[in-house]
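One structure is given here, and the rest of the page talks about it.
Just so you know, ligand 1 is whichever comes first in the structure, and atom 1 is the first atom listed for that ligand. This is a predicted model, so every value here is computed, not measured. The first residue in the sequence is number 1, and the count goes up from there.
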Amino acid sequence: RKIITVVGARPQFIKVAPVSRILRKTYQEILVNTGQHYDFNMSGVFFDELQIPRPDYNLEVGSHSHGKQTGIMLGLIEEILLKEKPDGVIVYGDTNSTLAGALAASKLHIPIFHVEAGLRSYNKQMPEEINRIMTDHLSSLLFAPTERAVHNLALENIVDSVRLSGDVMYDAVRYNYMIARDRFEISKFGQSKGSYYLCTIHRAENTDQPARLKAIVDSLMSLNMSVILPLHPRTHKILKDLELLEKIIRHKKIQLIEPVSYLEMLMLEMESKGIITDSGGVQKEAYFAKVPCFTLREETEWVETVNTGWNTLVNPFDMDLSTTICQKKMSNYIDDLYGDGNASQKIVDGIKSFYI
Ligand code: UD1
Ligand code: UDP
């Protein structure tokens, strides 16, 4: 049988790596890269480092407004589906590439397998929330990373098609963390274990409100601690436009760097004193690395990290980041919140049983 996988953004390259490795033992996989992310350090570096097979199709869609970006992908993916006639389409997560893949397949009555299904922030201002809801409701099989995701789907009357697989990002961490340890040392960044906080910012709700982004930058600058900031190109552009970039570069304690590779990122996470982020994936990786996380959002889809006390939501307008970090008390660690590291195998097994 032939399966088409659609990816296009940084976190999807990381998620596809462990699944593809197992999927290809049984199925012919055709990999479609929409090109939603295209800079080498947002895309190519992951293919090289994680040995992801070369895409069969590179759509090179690039950056546009939501409707235009999704629309261009939709048309191009449809052409591929008509030509290749696959038995199923796998989509990952909640980006515009996810939605375009799911929409194109649904109109052609091709079964859709959604990896990382059932996450909800219950905030429809987030583009990701719309992408997830739509994709979940179009999917034939939904692979939920957590019990909570299964529950969220049940609330929307999606039950029989749901499989609790665990999280493929945990698979990726388990596979790669020793490799990361062996390959990179924190001295590369002029730091030592526990001497810095690691920060990432890219979510629209933070970058697209200048007052909010400024509040975040101010709170990072007020920390009495080194901060390593691998900056997403979206945030880089906006900070430049707001004339905040130079201010950050001049600040002695903030180390502004280009986005790093996955293995470097794992190493930076493991060696950090704590992580400040608005990324979905990085919140979980903080948990896997057993370092405290401070999430610059009002809500999170990864509620388990908050409920266990390892993650704290921080509203940059009315919470002082420095005080929040100082007051943080560590909690007991629960091991299997995100599965047992075999989510990818469970997903491939789920797909196999779909065809029986
Ligand atoms: C997208 C996803 C988001 C995910 C994130 C992961 C959607 C709606 N959003 O957000 O869910 O968390 O990816 O990183 O799908 N840019 C570059 N070079 C690149 C890629 C982007 O310069 O290689 C810049 C462009 O100015 C672009 C902007 O970043 O307009 C935003 O890129 P886009 O893919 O639209 O959204 P992300 O913010 O990356
Ligand atoms: N990541 C990376 N380099 C970076 C920043 C993040 O490799 O400079 C990885 C990170 O380890 C995680 C994934 O990218 O595995 C998260 O992607 P991102 O934050 O872009 O998106 P989200 O998870 O919020 O959708």
Show me, pair by pair, the donor-acceptor contacts under 3.5 angstrom made by side chains of residues 9-22, not counting sequence neighbours?
residue: Q12; atom: OE1; partner: G8; partner atom: N; Å: 2.9
residue: Q12; atom: OE1; partner: A9; partner atom: N; Å: 2.9
residue: Q12; atom: NE2; partner: Y92; partner atom: O; Å: 2.8
residue: Q12; atom: NE2; partner: T95; partner atom: OG1; Å: 2.9
residue: Q12; atom: NE2; partner: T98; partner atom: OG1; Å: 2.9
residue: K15; atom: NZ; partner: E116; partner atom: OE1; Å: 3.2
residue: K15; atom: NZ; partner: E116; partner atom: OE2; Å: 3.1
residue: S20; atom: OG; partner: R24; partner atom: NE; Å: 3.3
residue: S20; atom: OG; partner: E29; partner atom: OE1; Å: 2.4

Which atoms of ligand 1 are found less than 4.0 Å from any heavy atom of H66?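 Ligand 1 atoms under the 4.0 Å threshold to H66: 8 (C).
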
Pull out every atom of ligand 1 sitting under 4.0 Å from any heavy atom of K237, numbered as shown with elements. 17 (C), 22 (O), 24 (C), 25 (C), 26 (O)

Are the aromatic rings of Y338 and F288 close, with centres under 6.0 Å apart? yes

Determine whether the aromatic ring centres of residues F354 and F113 are separated by less than 6.0 angstrom.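 F113 vs F354: aromatic centres under 6.0 Å.
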
Where on P11 is there a heavy atom closer than 4.0 Å to ligand 1, on the side chain, on the backbone, on both, or on neither? side chain

Protein contact of [atom] - nearest heavy atom, named by residue and atom, plus distance:
atom                    : value
atom 7 (C) of ligand 1  : Q36 NE2, 3.6 Å
atom 8 (O) of ligand 2  : V260 N, 2.9 Å
atom 1 (N) of ligand 2  : M265 CG, 3.7 Å
atom 20 (C) of ligand 1 : H37 CD2, 3.4 Å

Judging by distance only, is a nitrogen or oxygen of N131 under 3.5 angstrom from one on ligand 1? no

For ligand 2, is E269 a contact, meaning one of its heavy atoms is under 4.0 Å away? yes

